[in-house]
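Let me begin by presenting the structure, written as structure tokens, before commenting on it.
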Amino acid sequence: MEIAGDDSFRIRSYRNGASTIEGYPERIADILANPEAKITDVPGIGKGLAVVLAEIEKTGSCERRDELLKKFTPAALDFLKIQGLGPKTIATLIEHFQITTIDQLEQLCKDQKLRELPRMGAKLEEKVLRGIAQLREHSGRFLLNFADNAAREIMEHLRALEGLEQIAVAGSLRRGKETIGDVDLLVTGPNAVAALERVATYPRVHEVLGRGANKTSVKLGREGLQVDVRALEHESFGAAMQYFTGSKEHNIALRQRALRLGLTLNEYGLFRLDDNTRVAGETEEGVYKALGLDWIPPELRENQGEIELAEAHQLPVLVEQRDIRGDLHMHTTATDGRATLEEMAEAARALGYEYVAITDHSKALSMAFGLDEKRVTDFAGTVRKINERGELGIRIFSGLECDILKDGTMDIEWDALAELDLVIASVHSHMNLEPAAMTDRLLRTLECPQITALGHPTGRLLLHRDPFPFDFDKVVDEAVKRGVAMEINGSPERLDLSATHVRAAKAKGAKFIVSTDAHHPKHLDNMRYGILTARRGGLVAADILNTYATDRFAKSLRA
DNA sequence: GCCGTTTTCGGCCCGACTGTTTTCAGTCG
């Protein structure tokens, strides 16, 4: 609709509606099917979208969408993913050159044809070429939560089958990697082979790539995420879990170790080289134990020193989700969140948290109606009253996600920040500074004594935008010196810091917060991805401020 | 296309940057 030049307010209505539905607790199909319920009672859904929703429910698409895809080629949606290329330019390009693929667009840029059109020039051609390269580099991979949800969906489908003992996730999804290429599921039990049949019948399977005696491969949904399901003997389950969880580097190191011990390791078990007798394989623990190792958490299996630690019985006791006592980064309807402070607090309480910090945006994010000094001060006062009355059943910390301006100064005066319990400082603009300038900017930010943590410190958006470059070591050193924590932002689009950065920062003595950046109560569940990232980075509970009990945490803020 | 005690029309979020121009359209967040 943007490419077609539709009314921008109508487009916004569609966006709002989509976003509402995405976070809506009930299934839209159920509401439509229920004669007692009215779909237009869902906020943001009026007469027009009600019709569209009914159409989608019935046919899987709607007329307007089909028309647009016909007129502008389905590839137009891919063009929109190219950074720096927006709907207007795309419309012009399609109109003038009748392009229908990214390859054709690339050729146009290489042939310097874009500059023939008004307001387009060499810079744009270069930008588009860069954007295409980046898109290609990331294509074929999926966000962790997307793969996670797909795996849950398929496992649910398989659970209906009788005679299955285990249905388990292996592969990079089990290791909690930030992006996933394909999903590996392992199935055991007397009826395991039937699971290979059943997965191919799942409605959202678009294509069956292969179906053999041990394995079925399918492509799931329009996005084409590949899911491999393997049927295994009970006695091989542990070995298969080990083998298919990887990483490749970890497995190579393990197999080398096995050989040194006169053993051979494969996906069926651990066997003695001389007489082929089975030493282990039913459980993963058994495999590791027979290799003289403690069981290694999947998140650490990258051959980055974890095998040596396991041998010396010195593996860290990695942080677990139940160690987390509160979520420290979330937004409400005061800015761009979808729920009120009370709703977010209640959702956090329901998760068993002891405390929660509300951190709306600051005024530089005007599109989000960010808070100015007055609203910050008022908010801090409101939270003090809420806590005095204790009515929400959970301790609220007043916070702010304060924008870091281009020169590194804070978007909000220090006096106002001092009214708050905690401040997360984040970069949301000017991400293309030279590395030295970005480093100076962040160092200047750290001079502000009110800052609790640096929010999503590298600014990356997975599959979409690379981290902005700066001297990470220098900034972490300064943060450690000033007692500023680094955020592990658990939003699956970010996972920022990355596990690698976490590891590096921990080595420098950094403290962390793990938070969700939730804009909706259900986003609080993304803590799980933040924790996976923390674990991949080797963190223990003591490294993370929001594992502290309320009083200790509150004290750490004043220190 | 949605919404509403300012209610059935008229408003709906906006500043900054880039690259192209010579005053501004397009993109981003």
Side-chain angles (χ1 to χ4, degrees), chain A residues 1-21 24 38-56 62-65 68 76 79-95 109 112 114-131 134 331 333-338 360-372 375 401-407 411 426-434 437 455-456 459-461 464-466 468 489 491 493-494 496 517 519:
Chain A
M1 289 167 73
E2 285 179 321
I3 294 170
D6 278 13
D7 175 67
S8 63
F9 296 113
R10 176 177 297 172
I11 293 169
R12 184 189 300 170
S13 295
Y14 272 83
R15 266 222 174 93
N16 279 341
S19 155
T20 304
I21 285 168
Y24 206 67
K38 284 221 316 262
I39 190 74
T40 48
D41 287 342
V42 178
I45 306 299
K47 272 188 195 164
L49 286 183
V51 172
V52 171
L53 285 172
E55 213 185 337
I56 291 172
C62 64
E63 209 183 329
R64 180 88 182 104
R65 180 172 186 274
L68 287 167
F79 296 168
L80 277 173
K81 291 181 200 153
I82 298 167
Q83 279 256 292
L85 204 55
K88 305 281 174 155
T89 314
I90 291 170
T92 311
L93 291 176
I94 292 178
E95 198 174 315
C109 293
Q112 310 192 334
L114 262 52
R115 63 186 69 178
E116 294 173 11
L117 294 175
R119 306 197 72 93
M120 296 191 198
K123 289 269 177 68
L124 181 67
E125 288 166 354
E126 283 168 34
K127 188 157 72 175
V128 171
L129 284 174
R130 275 200 312 277
Q134 203 192 340
H331 300 269
T333 46
T335 61
D336 60 351
R338 312 277 310 179
D360 271 308
H361 287 292
S362 64
K363 63 180 187 287
L365 272 188
S366 53
M367 67 150 200
F369 192 41
L371 275 59
D372 59 14
R375 286 173 71 207
E401 184 182 18
C402 185
D403 257 57
I404 297 173
L405 303 182
K406 187 178 182 185
D407 63 359
D411 185 30
S426 300
V427 169
H428 289 120
S429 60
H430 307 284
M431 298 190 193
N432 52 356
L433 299 186
E434 288 299 312
H456 44 75
R460 73 172 176 174
L461 292 176
H464 187 60
R465 183 176 69 205
D466 289 335
F468 48 70
N489 186 301
S491 165
E493 290 82 20
R494 292 189 182 274
D496 182 8
D517 203 349
H519 286 68

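The chains referred to below are lettered A, B, ... by the order of the sequence lines, with proteins before strands, and numbering in each begins at 1. Keep in mind that this is a model prediction, so the values were computed, not measured. Every heavy atom of this structure was used, including side-chain atoms; hydrogens, water molecules and symmetry mates were not.
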Of the listed nucleotides (B/dT20, B/dC12, B/dC2), which one gets closest to any side-chain atom of A/Phe9? B/dC12

Salt bridge (Lys or Arg N to Asp or Glu O under 4.0 Å) partners for A/Glu2, two or more places apart: A/Arg15

Starting at atom CD1 of A/Ile45, determine the distance to atom P of B/dG1, rounded to an integer number of angstrom. 12 Å

What residues, two or more places apart in sequence or in another chain, satisfy salt bridge (Lys or Arg N to Asp or Glu O under 4.0 Å) together with A/Arg375? none

Using the P atom in both, what is the distance from B/dT21 to B/dT27, to the nearest Å? 15 Å

So A/Asn16, base contact, sugar-phosphate only, or nothing? Heavy-atom distance under 4.0 Å. nothing

A/Glu125 meets the salt bridge (Lys or Arg N to Asp or Glu O under 4.0 Å) criterion, sequence neighbours left out, with A/Arg115

Note: for A/Tyr14 and A/Gly121 on DNA chain B, the residue whose nearest nucleotide lies more 5' is A/Tyr14

Considering every strand and a 4.0 Å limit on heavy-atom distances, what is the contact class for A/Ala91: base, sugar-phosphate, or nothing? nothing

Between atom NZ in A/Lys363 and atom C1' in B/dA16, what is the gap in whole Å? 16 Å

By the Watson-Crick or G-U definition, both distances under 3.5 Å, B/dT8 is matched with none

What contact category does A/Ile11 fall into here, base, sugar-phosphate, or nothing, at under 4.0 angstrom with non-hydrogen atoms? nothing

Return the CD1 to NZ distance between A/Ile82 and A/Lys127, rounded to the nearest 0.5 Å. 12.0 Å

Taking only residues two or more places apart in sequence or in another chain, which ones pass ring-ring contact (aromatic ring centres under 6.0 Å, His included) with A/His428? A/His361, A/His456

Distance between C1' atoms of B/dC14 and B/dT8 (Å, rounded): 28 Å

If you check every side-chain atom of A/His430, which of B/dT20, B/dC17, B/dG1 has the closest atom? B/dC17

Provide, to the nearest angstrom, the distance between the CZ atom belonging to A/Arg115 and the P atom belonging to B/dT20. 9 Å

To the nearest Å, give me how far apart NZ (A/Lys47) and P (B/dC2) are. 10 Å

Can you name the closest pair of heavy atoms from A/Leu124 and A/Gly84 and give their distance? CD1-O, 4.2 Å

Could you tell me how far B/dC12 sits from B/dC17 if I compare only their C1' atoms? Round to whole Å. 25 Å

Of A/Lys406 and A/Pro118, the one whose nearest nucleotide on DNA chain B sits closer to the 5' end is A/Lys406

Which residues pass the ring-ring contact (aromatic ring centres under 6.0 Å, His included) test with A/Phe468, not counting sequence neighbours? A/Phe470

Provide, to the nearest angstrom, the distance between the CG atom belonging to A/Asn432 and the C1' atom belonging to B/dA16. 11 Å

Looking only at atom P, what distance separates B/dA16 and B/dT20, rounded to whole Å? 22 Å

For atom CG of A/Asp407 and atom P of B/dC17, their distance in whole Å: 12 Å

A/Lys123 atom NZ is separated from B/dC17 atom P, nearest whole Å, by 16 Å

With rounding to whole Å, what would you report as the distance between B/dT6 and B/dC2 at their P atoms? 23 Å

A/Leu53 CG to B/dG1 P, straight-line distance once rounded to whole Å: 12 Å

Would you compute the distance between atom CD1 of A/Ile56 and atom CD1 of A/Ile21 and round it to the nearest 0.5 angstrom? 7.5 Å

Provide a list of protein-nucleic acid N or O atom pairs under 3.5 angstrom, restricted to nucleotides 26-29 of chain B.
{"unit_1": "B/dG26", "atom_1": "O3'", "unit_2": "A/Thr89", "atom_2": "OG1", "d": "3.0"}
{"unit_1": "B/dT27", "atom_1": "OP1", "unit_2": "A/Gly86", "atom_2": "N", "d": "2.5"}
{"unit_1": "B/dT27", "atom_1": "OP1", "unit_2": "A/Gly86", "atom_2": "O", "d": "2.8"}
{"unit_1": "B/dT27", "atom_1": "OP1", "unit_2": "A/Thr89", "atom_2": "N", "d": "3.2"}
{"unit_1": "B/dT27", "atom_1": "OP1", "unit_2": "A/Thr89", "atom_2": "OG1", "d": "2.5"}
{"unit_1": "B/dT27", "atom_1": "OP2", "unit_2": "A/Pro87", "atom_2": "N", "d": "3.4"}
{"unit_1": "B/dT27", "atom_1": "OP2", "unit_2": "A/Lys88", "atom_2": "N", "d": "3.1"}
{"unit_1": "B/dT27", "atom_1": "O5'", "unit_2": "A/Gly86", "atom_2": "N", "d": "3.4"}
{"unit_1": "B/dC28", "atom_1": "OP1", "unit_2": "A/Gly84", "atom_2": "N", "d": "2.6"}
{"unit_1": "B/dG29", "atom_1": "OP1", "unit_2": "A/Arg465", "atom_2": "NH1", "d": "2.8"}
{"unit_1": "B/dG29", "atom_1": "O3'", "unit_2": "A/His428", "atom_2": "O", "d": "3.1"}

